[in-house]
Number of protein chains: 2
Amino acid sequence: MSRQLPQPSRDSIDLVTVLAALADPVRLTLLRGMYASSGLVDCATVASGVDVSPPTVSHHYRVLREAGLTTTVAEGRRRSVTIRHDDLEARFPGLLAAVLTPTAAPGALAAPSRAAVL
Amino acid sequence: MSRQLPQPSRDSIDLVTVLAALADPVRLTLLRGMYASSGLVDCATVASGVDVSPPTVSHHYRVLREAGLTTTVAEGRRRSVTIRHDDLEARFPGLLAAVLTPTAAPGALAAPSRAAVL
DNA sequence: GGTACGCTTCGATGAATGTCAAAGTATTTG
DNA sequence: CAAATACTTTGACATTCATCGAAGCGTACC
């Protein structure tokens, strides 16, 4: 069986809480790890990219879930996680893309993209 | 004369720092107060919307400026402030709009999107 | 020069946060 | 049942943060 861990409803997702959840390097790394995949991803796999203890990882997953950024499902003794794309897009259009889209490095510029500003 | 207060260069604007600066109700209110206006806005005018002491307002303006979100210029004993639209758009396209654009209230829904839950 | 004004800095304080070790819970496996 | 596995919760600790009162600083005005 798989049970879904408690999470806020779409309408109760709060912008400040979301931003606070996003404002952490570890959580940003976790989110980037799931951003590409559209479906559920194994928590441990995603967390392999970060270098903190298991309790800390667990803590960060909880913050993400309680902020409304992710959905976590427990399957046996494994956990899988996914970004709540639809809910977040409905509440704060463009936010996830703006934060999670791999930006060109500060120095590295592609073309002096003149039209990009608009 | 008017002098510009120190601020990070465009390339040294850090995403996590920006998100942390955004993750505060008071600062969000201040930013919304300047978001509409395209040019410099009087600090006191913008701050009239928040209910905290002058030292706290000053603190928040500093956080915003040091994060690279705003430019502050001192003119006499007044301060004016403006959002660094261009720099932020260059570094994190769409971020400001996603955060500062007045979203429809949580309850106000466009269509009863039945499929949204999944 | 002296006073009022606008804002900042300093210092303190209470609350929140990130982190980990240790213990706990639930699930799978021998 | 017992042991191992995967993750969480608890407790503690150090750090950061938002806040305000008091004092400081530069500017404007009388």
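Order of the sequence lines fixes the chain letters, A, B, ..., with proteins taken first and strands second; residue numbering starts at 1 for each chain.
B:E89 places a side-chain N or O within 3.5 Å of a backbone atom of B:G94 that can act as its donor or acceptor partner.
The distance from atom CZ of B:R3 to atom C1' of D:dT27 is 11 Å, rounded to the nearest whole Å. Protein atom CZ of B:R77 is 6 Å distant from nucleotide atom P of C:dG6, rounded to whole Å. Distance CG (B:D51) to C1' (D:dC20): 13 Å, rounded to an integer number of Å. Distance CG (A:L30) to C1' (D:dC7): 14 Å, rounded to an integer number of Å. Rounded to an integer number of Å, the gap from OH of A:Y61 to C1' of D:dC7 is 11 Å. The CD atom of B:E75 sits 13 Å away from the P atom of C:dT8 (whole-angstrom rounding).
Exactly one residue among A:V73, A:T72, A:T70, A:T71 makes a side chain to side chain contact (heavy atoms under 4.5 Å, CB included) with A:T82. That residue is A:T71.
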Walk me through it: do B:L64 and B:M34 pass the test side chain to side chain contact (heavy atoms under 4.5 Å, CB included)?
CA-CA 12 Å; B:L64 291 174; B:M34 25 182 143; 4.2 Å; yes
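The phosphate of C:dA26 has neither OP1 nor OP2 within less than 4.0 Å of any side-chain N or O from A:R78. For C:dT9, the OP1/OP2 oxygens have a side-chain nitrogen or oxygen of B:R62 closer than 4.0 Å.
As judged by a 4.0 angstrom heavy-atom cut-off over every strand, B:A44 is placed among residues touching the sugar-phosphate backbone only.
Surrounding CZ of B:R78 are at most 12 heavy atoms belonging to other residues, nucleotides or ligands under 6.0 Å away.
A donor and an acceptor atom never sit less than 3.5 Å apart when one is taken from the side chain of A:R79 and the other from the base of D:dC7.
Using modelled atom types and a 3.5 Å distance limit, the side chains of A:S80 and A:E75 yield a donor-acceptor pair.
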Short heteroatom pairs, N/O only, protein and nucleotides 17-19 of chain C, under 3.5 Å:
| unit_1 | atom_1 | unit_2 | atom_2 | d |
| --- | --- | --- | --- | --- |
| C:dG18 | OP1 | A:R27 | NH1 | 3.4 |
| C:dG18 | OP1 | A:R27 | NH2 | 2.8 |
| C:dG18 | OP2 | A:H59 | NE2 | 3.4 |
| C:dT19 | OP2 | A:H60 | NE2 | 2.4 |

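In this structure, the side chains of A:L22 and A:L28 come closer than 4.5 Å at one or more pairs of heavy atoms.
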